[in-house]
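Okay, so here's the structure we're looking at.
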Amino acid sequence: MQQNPASFSADPGRKPLRARFLLAGILLGSALLCAQAVSSASPTLGPGYPAWLAYHPVSLEAVFASAGNVPDTIVMLGNDALEDSAARELALGWRGMLDRVPRVAVSAPSNEIAGESIVVLGTQAEVRAWRPALAGEPALGADAYRLHRAGNVVLVEGGDARGVLYGAFALLREIAQQHSLPALNLRSQPWAAVRWTNEWDNPNGTIERGYAGPSIFFADGQVRADLSRAAAYARLLASIGIDGCTINNVNADAHLLLPENLKQIARIADVFRPYGVRLSLSIDSASPMVIGGLDTFDPGNPRVADWWRDKVDEIYRQIPDFGGFVVKADSEGQPGPSRYGRSPAVAANMLAQALAPHGGIVLYRAFVYNHHLDWRDPKADRARAAYDIFHPLDGDFAPNVIVQIKYGPIDFQVREPASPLFAGLPHTNEAIELQITQEYTGQQRHLVYLAPLWKTILDTGMRASITKPGTAPPLTVSDLVSGRDLQNQHHSLGGFVGVAGVGTDRWLGSPLALANLYAFGRLAWNPSLSPAAVSDEWTRLTFGNDAQVRAMVNKLELNSWHIYESYTGPLGLGTLTDILGPHFGPNPQSAEGNGWGQWLRADHQGVGMDRTVATGTGYIGQYPAPLARQYESLQTCPENLLLFLHHVPYTYRLHSGQTLIQYIYDTHYWGAQAAAAQIPAWQSLQGKVPDAIYAEVLKRLEFQAGHAIVWRDAITKWFAKMSGIPDDQHRVGNYPHRIPATDMTLDGYTPVDVTPWETASNGKAVECTGRAECSLSLTWNKPDGWYDIAVQFFDFRNGVSQFTLQVAGRAADAWSADANLPDNRMNGNTSTRHTIDNVALHRGDTVRLIGRPDGTEPAPVDYLEITPSGQQK
Ligand code: GCW
């Protein structure tokens, strides 16, 4: 159905335009990837996966009232690379959504387009020069846009060229959602000046906490030769208003600043530039020593300052629109100014001074804490660190420094209160750091739409007005990071940083996880948007406007965080994952007894850190008085943060009347059940979403449902043992349909201990070593019937073991342990469930599982669970 671009010039019905046609450009250069992607009627998951820029066909009548009104010409008033991108994007959108082939014309005089329906792209200055009466009032600020319909003109007016590009994407969003355009009149401006992603990519091509394949920027210590994905990423970022991208890990490799590497990095900046995305770098504060040949990196030493000034000048010679530096210092082993007794402000200001003449900024991370805390000290508290270190420095930072604060005081947990530091820097620029990549929230193998979590933080009321106390609602975190201060005046800077972790595997691996990248951009632009509205937009842009798809995808996304929280860490306790390992599966004990300070403080009576002022670490006292009062009292403390802020006995009764321990049991059972229910919900969309996306999401939801059971069992068993209080519904530790592998007849398999114990039946599993094949079997001694058989095994990152399940000598199923899970040991990171539904079993049948190990993966098995078909697991 796509028209041939070659036919553009041969349209006899049109007046000749004194115009430069840009359409050839659509199929050239960096847009090639995108163009290929949109040309496919149903997007696949290939390299050109278009994410939400899918441009599905829409109803022309719904959008333009009649097909005759569809503008066939896009007029660029300016001659700027960003406006060029805007025009190219509109042409792509027209092609996919409207099945039209628009002309793109530059500077068409008004008499030549009279009467014709056109889209006009221009900055406010250009619009004023072209048709003064059409320019919007009041003036548009930086990056802002206005969409306006006047007669035959659909105007996309930008405060600047970047605003034009953002306006074009906004217009496409309107069309994609089939909003009616005749009455179009929409102004929008970004909430905050800084809207960046941080990518934690390493020069060797790996990505710290990335779950979607290797880097799109680096491979084998070099910037990639082919940067088409980087260009396509910049396009995605621009479509949601992101204006900056830090391309390397905050655990930074100083060598990236070597001249030969900067030249290569400049190529990335070149492909970002047409999309208005400024490139920035994370730096190693010890660089003057590591690569500069100095014997110090003391920020108070003039030789160090000179080195940085020269380095920054060199960077700007290569990258004139360079954004600035992100700094992780004195944190988790990274060197920093404390080595020389200097404060973060001294270090930040020294860098800021080098960047200031070029307009660059420093994002200095507040994620500074001692990871060798004494866990025996009841007053020690990692959550206090950012405030304790940075609050005394308030007002000391240069105007082009922003303190970048993680949303919570610990580390991207499934739920945390807002960091008190947001309220503690009234005279300092602040940015909030959110995490798009799901480090502690299921690593894209679990569906977790994070916008509702982020909103709990952004909406937290932090500081009341000093001038008129009690008269207005307190400033929220989103107010504070926008640069509004207590007098509602703007600092010059502020913003949002999202740790994205995109890779070559269709950006985030999971198709549904892309809602998080989308939501980050949309909330950074406008934090008053609701998570539901953002999910709906994303769903319509990604999958089209089908009502059933919309309803179901929205439901899945919006319920997902609650579901994940239910079977992981309850009531603000933290995710309860393996904090010393990959942060994926359950391992609550790993949080205790070490210097990292993510302590649960669980004992036989109760659980939770006492962070009160009265008896605890005093952390609550870091909040402004009204919030501190609310948090300090058990009665008024929000229950979903209870165990973050208080140490509470297991027998404590929640507002519902339920005991704490029973709440933990019940929510975990509910959560695992809700995770399982996502599967039929998604299956209802078969044939309504592209097949490849359908299959990929289904695979992930199936894994999640199995892993939710691993979580449920591990956490509930751990708490049952810790508290000594049984589940009043007798579920915990009591699995009537389960047959532990160690209880079956083993042929070649040998029992082994599993650590942590709660991630396997009785802390044991079986492994097959020294043989090509082992098996375990049982004789079915229950009634004849239809059964679902779940095999719980361990799937390591390395090795692809093979399994075959036989019933009465015949193969019932065979599968490979080929998932790329983040561990090579038997534990909650690797425990995996494979289910075979509706198997006919007769009394006396032999059920045999055959395992064939591969390399270092010994085909390990935990248990079989054989449940009458249709019964809850
Ligand atoms: O959450 C932790 C991660 C580290 C990360 C660190 C940080 C880049 O586990 O991988 O390091 O936070 O934010 O600096």
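The residues of the chain are indexed from 1 along the displayed sequence. What you see is a predicted model, and the numbers here were worked out from it, not measured in a lab. Read the numbers this way: they start at 1 and go in the same order the structure lists the ligands and their atoms.
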Under 4.0 Å to a heavy atom of [X] - the qualifying atoms of ligand 1, by number:
X	answer
V250	8 (C), 14 (O)
H583	9 (O)
F367	6 (C), 7 (C), 12 (O), 13 (O), 14 (O)

Next item on the list: Return yes when atom CG of D377 has more than 12 non-hydrogen atoms of other residues, nucleotides or ligands closer than 6.0 Å, and no otherwise.
Entry: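 Buried by this count: over 12 neighbours within 6.0 Å.
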Checklist line | Exceeds 12 heavy-atom contacts within 6.0 angstrom, atom CD of Q334 | finding: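 It does: Q334 CD has more than 12 such atoms within range.
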Notebook entry, point to check: Between R195 and F496, is NZ or CZ placed under 6.0 angstrom from the six-membered ring centre and within 45° of the ring axis?
Noted result: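 That pair does not qualify as a cation-pi contact.
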Note to self: Can you confirm if the NZ or CZ of R611 lies within 45° of the ring axis of F644 and under 6.0 Å from the centre of its six-membered ring?
What the structure shows: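 Here R611 passes the 6.0 Å and 45° test against F644.
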Note to self: Quiz question: by atom type and distance under 3.5 Å, do the side chains of T296 and D298 form a donor-acceptor pair?
What the structure shows: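 Looking only at side-chain atoms, D298 and T296 do not form any donor-acceptor pair under 3.5 Å.
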Check: Between T759 and N827, does any side-chain donor sit less than 3.5 Å from a side-chain acceptor?
Finding: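 No, N827 and T759 have no side-chain donor paired with an acceptor closer than 3.5 Å.
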Just need the protein heavy atom nearest to [atom], so name the residue and atom and give the distance.
atom	answer
atom 1 (O) of ligand 1	D411 OD2, 2.6 Å
atom 8 (C) of ligand 1	N251 ND2, 3.3 Å
atom 9 (O) of ligand 1	E439 OE2, 2.5 Å
atom 10 (O) of ligand 1	E208 OE2, 2.4 Å
atom 6 (C) of ligand 1	E332 OE1, 3.2 Å

Margin query: So, using salt bridge (charged side-chain N to carboxylate O under 4.0 Å, His left out) as the criterion, who are the partners of E557 when residues are at least two apart?
Written below: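 Salt bridge (charged side-chain N to carboxylate O under 4.0 Å, His left out) list for E557, sorted by chain: empty.
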Margin query: Could you work out, with salt bridge (charged side-chain N to carboxylate O under 4.0 Å, His left out) as the rule, every residue matching R415, not counting sequence neighbours?
Written below: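 Salt bridge (charged side-chain N to carboxylate O under 4.0 Å, His left out) check on R415 returns E565.
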Note to self: Regarding ligand 1, does K328 bring an N or O atom to under 3.5 Å of one of the ligand's N or O atoms?
What the structure shows: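 Yes - when backbone and side-chain N and O of K328 are compared with those of ligand 1, one distance drops under 3.5 Å.
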Check: Does N249 reach ligand 1, in the sense of a heavy atom lying below 4.0 Å from it?
Finding: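 So N249 counts as touching ligand 1.
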Item checked: Proximal candidate to atom 12 (O) of ligand 1 [heavy atom criterion; set R365, R209, K406] ->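 Going through R365, R209, K406 one by one, K406 has the nearest heavy atom to atom 12 (O) of ligand 1.
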